[in-house]
Structure formats: structure tokens, C-alpha cells
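First comes the structure, then the notes that go with it.
Basis for what follows: all heavy atoms, side chains included, without hydrogens, waters or symmetry-related copies. Computed from a predicted model, the values in this text were never measured in an experiment. Order of appearance sets the numbers: ligands from 1, and atoms from 1 within every ligand.
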Amino acid sequence: MDERPLADSYGRVIRKVRVSVTDRCNFRCVYCMPSTPLWMPRNRILTFEEITRVVRILTRMGVVKVRLTGGEPLVRKGVEELVRGLSSISGVEQLAMTTNGFFLTEKASALKGAGLMAVTVSLPSLDRKRFERITGVDGLDRVLRGVDAALDEGFDPVKVNATIVRGLNDDEIIALAEYGAEKGIFVRFIEFMPFDSRGLWKPEFLVSWKDMLSKVKERFELMPLPREPGSTSLNYAFKDGGGVGFIASMTAPFCDDCERIRLTADGRLVPCMFGKLEFDMKPLLRGGAGDEELVSFIRTAVEKKERGVKYLLEKGEIPRHVRPMYTLGG
Ligand code: SAM
Ligand code: SF4
């Protein structure tokens, strides 16, 4: 098998994959879902065997980090079995999940037992009523218990993500940072990206990472941390544990050392989340293709990875609504 590292035409080597295991979700976050989503037909969604096969092949090509996402990964029945299969692939060095946390209390122990290592919980508000307005579900208490369950199980790291939208939850930046300090974890603030399904995104709703950082600095002394190559986040530590991070996809994107690709729940390989290109692997997966064929398909797809949003923004182009976030998983 051709086991050269997987690289694109700009020389960026791919080491991480985000796998959306379902487009379905029990929440209807306003910045993500339409109010009445049209789900992918079930027979189009990759089986656990298909996902595991793709990930196994990717690890032979140099991918070492796998993040499961959705929709909401914990609504996929038996997802812990998928975790078990993926964690037994020898090349997988980190296996993580991004979840809305609603089902985490009951699932945390099984996920840990199956080999999941790290968990990121999305938490857009600490106010019960507002949480419900944003997500469509009165679930704040459950999500907070989910974070505690993840900490009790010893996932490492446990992080919290909050997508910030001006006028919706930007007045909670300090409160969310305080929550992180109290728990000793990192809270990462995500810039609002134009991938909501309701066409709400406007430049006015975007709070830049610099503005968010200034807010946090009003309350905390922060120590800047060196950026890991390929990381999407600019991180700052608190003095006594935990810290904040900023995912500045719209105002300071790190396209030049991007090392990530994505796999949608229905088997499309998406080299760049801001790019229009996607490559459907399902016909090969379901048409009896051998591993070599899949390897060369993946190589060709990755070679076409677009240069990135940084270069679109430089030309004054904002790539709006390329695809909704719930079909890609963030
Ligand atoms: N359901 C899981 C969750 O909410 O964590 C995983 C999928 S969700 C699409 C992944 C992340 O994308 C969440 O942290 C969510 O807040 C973020 N997200 C969704 N829509 C977004 C948007 N338009 N801009 C920025 N982040 C967004
Ligand atoms: Fe569901 Fe996550 Fe999208 Fe919210 S952000 S609707 S929890 S997929």
C-alpha cells in the first residue's frame, strides 16, 4: 500500500480527521440548525464498519488524531461500539468527541471504557432560559452535569466550547471564563461562522477573538500559551488552572498549517470546511473497492484541498453558507 504521508498541493500534511457520525441532533441551536431539519436518509449514513475502515486507512497515511462529532454524536445508537473499534486502531493516538453534553452523564463511563480519551462539551450559555432559547431545549442542568461526569471519568482534556454571537450571548464571556476557572478547564470561544442553516449570519453578529480576549482580560490575568502547530485555537492560561482559547476562524484563521480533513456522516470527504469541494467515498465503499483504490481516492481529494478561508477573506470574499454546520460537525 502507498503509505506516503497524506499531503495537499500546498505541502500541508494531514494528521487529523473529524468524523461526523450523524447529522441528527436533539438540539436546534440557532447558529447551526434549521428549525425543521431535513435529515439524511438512514441508508446514506456510513455504518460503523465503513467509518472504521476509512479511519484505519487514514491512519496508515499518517492521520493520528480523530474527533467524533455530529450533528450530535451521542444520538447515534451504539456510538460507544464505534469508539471501541476506532480506539483499537493502532495509529490512533488521540480519540476525542465534541458533544452538546445532553446525554453525557449516562454515556461518560461507557465511552471511557470504550477508549474515548478527550471530550469537548458545547455550552453557549449559563443562563437556563437563554440556554433554552439558543438550543431549543431546557437542558442546561443536564449539560453542566455532563461536564462534571466527564471530569469524574477522567477524560483528558475536558474542554468547553461556546460559539459567541453578538446580542445573543456575548455578555456571558466573563461568566463562561469564570466557569472554566472554577472547574480548572479551558473554555474556548468560537467566532460565529456563516454556516448556520437559517441564513442569520451577518458581519455585525461576529465578535472577533480580540474583542473576546479584551473582555476576559477585564477579569483575569492571562498567560499566553505557545500555539501548537495546526491548532485552531489561540490559548491563554489562568494562574490557577484552566484557561481560555479563541477559535478565530473568521478574523485570524490558521490556514497555512491546517492539518485537518473532515468526513461527513454520509461519507463525503471535505478537505476544507470553507471550501466547496467534497468527495463522495460511498460509491467506492459500497461498490467493493479495495484499500488501494480508497488510498488513491483520498490522496486525490486531499491534493485538491483549497488554500483556505484566510485567502478568501483577503480577497474580500466571505464564503457564506457553503454547508450547514450540523452536516459537518464544526
Ligand atoms: N452537537 C455537537 C456540539 O454541539 O458540540 C457537535 C457538533 S456542533 C456542529 C460542533 C460545534 O460547532 C459546537 O461547539 C457549536 O457551537 C459549533 N457551531 C455550530 N454552528 C456554528 C456556527 N455557525 N459558527 C460557529 N460555530 C458553530
Ligand atoms: Fe446540535 Fe451541536 Fe448544532 Fe447545537 S451545535 S444544533 S448541539 S449539532
Side-chain angles (χ1 to χ4, degrees), residues 18-40 67-76 79 96-104 107 111 116 118-125 130-140 142-143 146-147 150 158-166 168-170 172 176 186-203 205-209 212 232-233 245-251 253 260 262-265 270 273-274 309 318-330:
R18 277 186 198 207
V19 180
S20 166
V21 301
T22 177
D23 62 333
R24 287 162 173 75
C25 187
N26 54 322
F27 283 12
R28 298 287 179 272
C29 300
V30 289
Y31 40 71
C32 178
M33 282 268 173
S35 34
T36 40
L38 271 180
W39 306 125
M40 294 169 183
R67 176 170 294 275
L68 302 179
T69 175
E72 170 48 39
L74 295 183
V75 303
R76 175 106 187 230
V79 71
M97 180 181 281
T98 302
T99 167
N100 65 29
F102 191 82
F103 297 111
L104 200 48
K107 294 271 189 183
L111 290 167
L116 190 73
V119 172
T120 301
V121 179
S122 300
L123 178 65
S125 173
R130 181 184 281 172
F131 184 96
E132 183 175 4
R133 271 202 305 281
I134 294 175
T135 64
V137 174
D138 180 10
L140 175 65
R142 278 185 67 115
V143 172
V147 176
V158 175
K159 293 183 213 161
V160 159
N161 274 359
T163 296
I164 299 296
V165 181
R166 191 180 308 284
L168 186 71
N169 60 353
D170 56 326
E172 285 196 66
L176 284 160
F186 272 78
V187 175
R188 285 136 25 112
F189 298 100
I190 308 178
E191 289 181 352
F192 184 26
M193 295 177 239
F195 297 150
D196 60 297
S197 309
R198 307 182 195 187
L200 300 174
W201 192 93
K202 278 196 209 142
F205 292 144
L206 173 64
V207 184
S208 72
W209 82 274
M212 299 197 248
T232 49
S233 171
F246 302 93
I247 299 178
S249 316
M250 296 303 293
T251 66
R260 190 172 292 103
R262 292 170 164 82
L263 183 68
T264 64
V270 178
M273 80 186 291
F274 284 88
V309 61
I318 297 178
R320 291 187 201 202
H321 311 297
V322 184
R323 55 180 76 72
M325 201 59 119
Y326 74 99
T327 65
L328 199 62

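- Under 4.0 Å from any atom of ligand 2, one finds heavy atoms of residues Cys25, Phe27, Cys29, Cys32, Met33, Gly71, Asn100.
- Tyr31 and Phe192 have perpendicular rings, their planes meeting at more than 60° on a 0 to 90° scale where under 30° would count as parallel.
- Ser233 is linked by a side-chain hydrogen bond (donor to acceptor under 3.5 Å, both in side chains) to Asn235, counting only residues two or more places apart in sequence or in another chain.
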Item checked: Leu328 vs Thr264, side chain to side chain contact (heavy atoms under 4.5 Å, CB included): CA-CA, chis, key distance, verdict -> CA-CA 6 Å; Leu328 199 62; Thr264 64; 4.1 Å; yes
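- In this structure, the side chains of Arg260 and Arg67 stay at 4.5 Å or more apart for every pair of heavy atoms.
- Ring to ring, Phe195 and Tyr326 are not that close: their centroids are 6.0 angstrom or more apart.
- Among Asp170, Ile247, Ile190, Leu206, the one residue that satisfies the side-chain contact (heavy atoms from CB on, under 4.5 Å) test with Ile164 is Asp170.
- Remark: Thr69 engages no residue in a side-chain hydrogen bond (donor to acceptor under 3.5 Å, both in side chains) (not counting sequence neighbours).
- Partner of Met97 under the side-chain contact (heavy atoms from CB on, under 4.5 Å) criterion, out of Leu116, Val121, Val19, Val21: Leu116 alone.
- No side-chain donor-acceptor contact under 3.5 Å links Arg76 to the backbone of Thr22.
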Are there any N/O pairs under 3.5 Å between ligand 1 and the protein, and if so, what are their distances?
{"unit_1": "ligand 1", "atom_1": "1 (N)", "unit_2": "Gly71", "atom_2": "O", "d": "3.0"}
{"unit_1": "ligand 1", "atom_1": "1 (N)", "unit_2": "Glu72", "atom_2": "OE1", "d": "3.2"}
{"unit_1": "ligand 1", "atom_1": "4 (O)", "unit_2": "Ser122", "atom_2": "OG", "d": "3.4"}
{"unit_1": "ligand 1", "atom_1": "5 (O)", "unit_2": "Thr99", "atom_2": "O", "d": "3.3"}
{"unit_1": "ligand 1", "atom_1": "5 (O)", "unit_2": "Ser122", "atom_2": "OG", "d": "2.5"}
{"unit_1": "ligand 1", "atom_1": "14 (O)", "unit_2": "Ser122", "atom_2": "OG", "d": "2.7"}
{"unit_1": "ligand 1", "atom_1": "16 (O)", "unit_2": "Thr163", "atom_2": "OG1", "d": "2.7"}
{"unit_1": "ligand 1", "atom_1": "20 (N)", "unit_2": "Tyr31", "atom_2": "O", "d": "3.1"}
{"unit_1": "ligand 1", "atom_1": "23 (N)", "unit_2": "Tyr31", "atom_2": "O", "d": "2.8"}
{"unit_1": "ligand 1", "atom_1": "23 (N)", "unit_2": "Met193", "atom_2": "O", "d": "2.9"}
{"unit_1": "ligand 1", "atom_1": "24 (N)", "unit_2": "Met193", "atom_2": "N", "d": "2.9"}
{"unit_1": "ligand 1", "atom_1": "26 (N)", "unit_2": "Thr163", "atom_2": "OG1", "d": "3.1"}

